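Have a look at the structure below, then the notes.
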Amino acid sequence: MAVLGVVVETTDRAALQQLARQELPRLYALARRLAGDEAEDLVQEALVRACRAFDGLADHQAGPRWLRVILANVWRDRLRARGRRPSELLVDEEERFSLYDTLVEEDPLPYSDTLHVDFLGAFSEEDVHLVLQRLPDHERAPLVLRYVEGFDATEVAAMLALPVGTVHSQLHRGRQRFERELWRYAEESGLLAATSDHEGRAAGDAGAGGRPDGAPAPAGLGRGSS
Amino acid sequence: MTAPITCRAAVQRLWGYLDHELEPRDQSALDEHLAFCLRCCGELAFARELRRLLRTRTSVSLPGDAQARLEAVIDGLEVGDVAARHDE
């Protein structure tokens with residue numbers, strides 16, 4: 001039995017190590033979205049916890065998802081340990097904020113025929129990451145798990161040990177805050193000025209509505225659609 | 001025919017609509033609102049783009065030094081309660 005035990009353990013260890021290596025980039029990406037600068041430490045703790053629970057993983061095909069769930073659980077436990085309360089209500093101004101309307105009213109890209117798409121197109125991956133980091137932890141986690149990682153609301157609720165209704169509320173607030181922070185970030189970082197200037201020059205070079213890179217403008221969200 | 005809803009109520013339901021998470025009655029009300037409200041159709045298209053932004057423009061790369069440290073952690077992993085099983 002002892003010999004068999006050693007064989008099983010060695011096989012398990014190798015399987016877990018293979019799974020962890022294979023999933024490391026994705027696991028780190030999730031940790032970075034959830035926890036920002038704490039990402040590496042979060043992954044470490046998730047790996048250690050995965051180690052303890054690996055015997056309970058019946059279907060190794062489910063390993064990648066299982067690891068992500070463990071990481072989300074570790075993050076949930078850290079937030080609880082810090083005593084962060086689930087979300088306060090948004091102040092009325094934020095609740096009423098509409099990025100769609102703000103873009104129409106402020107018209108930050110006057111040369112654009114597809115204002116809303118071009119506004120979002122100005123954000124690099126790093127920009128989007130930095131905007132997400134501006135959200136409170138308890139609003140960012142459901143948003144990341146639902147819309148970046150693709151878990152459904154019921155799964156997110158189970159991972160964060162919250163009622164589904166609470167997850168829906170947090171998702172609503174998270175989306176509102178995400179829109180608001182996209183706008184704030186664009187204003188504060190000078191993103192709009194740079195994009196507007198770039199588009200203006202391109203319009204001067206190629207005629208109104210042309211893209212800086214000469215590619216056709218994306219369709220579907222111009223002001224004409226509102 | 002369901003009770004008409006305001007633009008504000010419609011906008012609050014757009015992500016649920018895209019996520020296929022609305023109750024049938026809410027979905028019908030929104031469908032009827034979108035049939036005549038071009039502004040909310042624009043909001044719907046924008047919400048769709050925002051979802052796409054979250055899904056596609058959030059890749060994160062693993063820095064080399066962090067990868068090396070984490071792989072060292074992986075190398076040191078021991079599965080389960082190994083000691084306990086040896087004791088048996």
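Excluded from the calculations below are hydrogen atoms, water molecules and symmetry mates; all remaining heavy atoms, backbone and side chain alike, are included. To find a chain, count down the sequence lines: A is the first, B the second, and so on, and within it residues start at 1. Not measured: the values here are computed from a predicted model.
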Does atom CD of A/Glu125 have more than 12 heavy-atom neighbours from other groups under 6.0 Å away? yes
Chain B contact via A/Glu179 - side chain, backbone, both or neither, heavy atoms under 4.5 Å: side chain
Against chain B, label A/Ala153 side chain, backbone, both or neither, depending on which of its atoms sit under 4.5 Å from a heavy atom there. both
Give a yes or no answer on whether the side chain of A/Arg175 reaches the backbone of B/Ala47 with a donor-acceptor pair at less than 3.5 Å. no
Between B/Glu49 (side chain only) and A/Val117 (backbone N and O only), is there a donor and an acceptor less than 3.5 Å apart? no
If one checks every heavy atom of A/Leu99 against chain B at 4.5 Å, the contacting part turns out to be both
For residues B/Glu43 and A/Ser98, is any side-chain donor paired with an opposing acceptor at under 3.5 Å? yes
Report, as yes or no, whether the 6.0 Å neighbourhood of atom CD on A/Glu188 holds more than 12 heavy atoms from other residues, nucleotides or ligands. yes
Which one of B/Thr56, B/Asp19, B/Val73 has the most heavy-atom pairs closer than 4.5 Å to chain A? B/Asp19
Output yes when a side-chain donor or acceptor of B/Glu71 lies under 3.5 Å from a complementary backbone atom of A/Arg21, and no otherwise. no
Nearest atoms (heavy-atom pairs only) where A/Gln17 meets B/Ile74: NE2-O, 2.9 Å
Under a 4.5 Å heavy-atom cutoff, which of B/Arg55, B/Arg69, B/Gln67 has the most pairs with chain A? B/Arg69
With a 4.5 angstrom heavy-atom cut-off, which part of A/Leu132 approaches chain B: side chain, backbone, both or neither? side chain
Mind listing the closest non-hydrogen atom pair of B/Ala66 and A/Tyr28 along with its distance? CB-CE1, 4.4 Å
Please rank A/Val131, A/Asp152, A/Asp101 by heavy-atom pairs under 4.5 Å with chain B and give me the top one. A/Asp101
Please answer whether the main-chain N or O of B/Leu77 pairs with a side-chain N or O of A/Arg13 as donor and acceptor at a distance below 3.5 Å. yes
What part of A/Phe178 lies closer than 4.5 angstrom to a heavy atom of chain B: side chain, backbone, both or neither? side chain
Would A/Leu120 and B/Arg52 satisfy side-chain contact (heavy atoms from CB on, under 4.5 Å), going step by step from the backbone distance to the final call? CA-CA 10 Å; A/Leu120 297 181; B/Arg52 185 173 299 147; over 6 Å; no
Minimal heavy-atom distance between A/Leu24 and B/Leu62, with the atoms involved, is CG-CD2, 3.8 Å
Parallel, tilted or perpendicular: which one describes the rings of A/Tyr147 and B/Trp15, with boundaries at 30° and 60°? perpendicular
At a heavy-atom separation under 4.5 Å, does A/Arg146 approach chain B through its side chain, its backbone, both, or neither? side chain
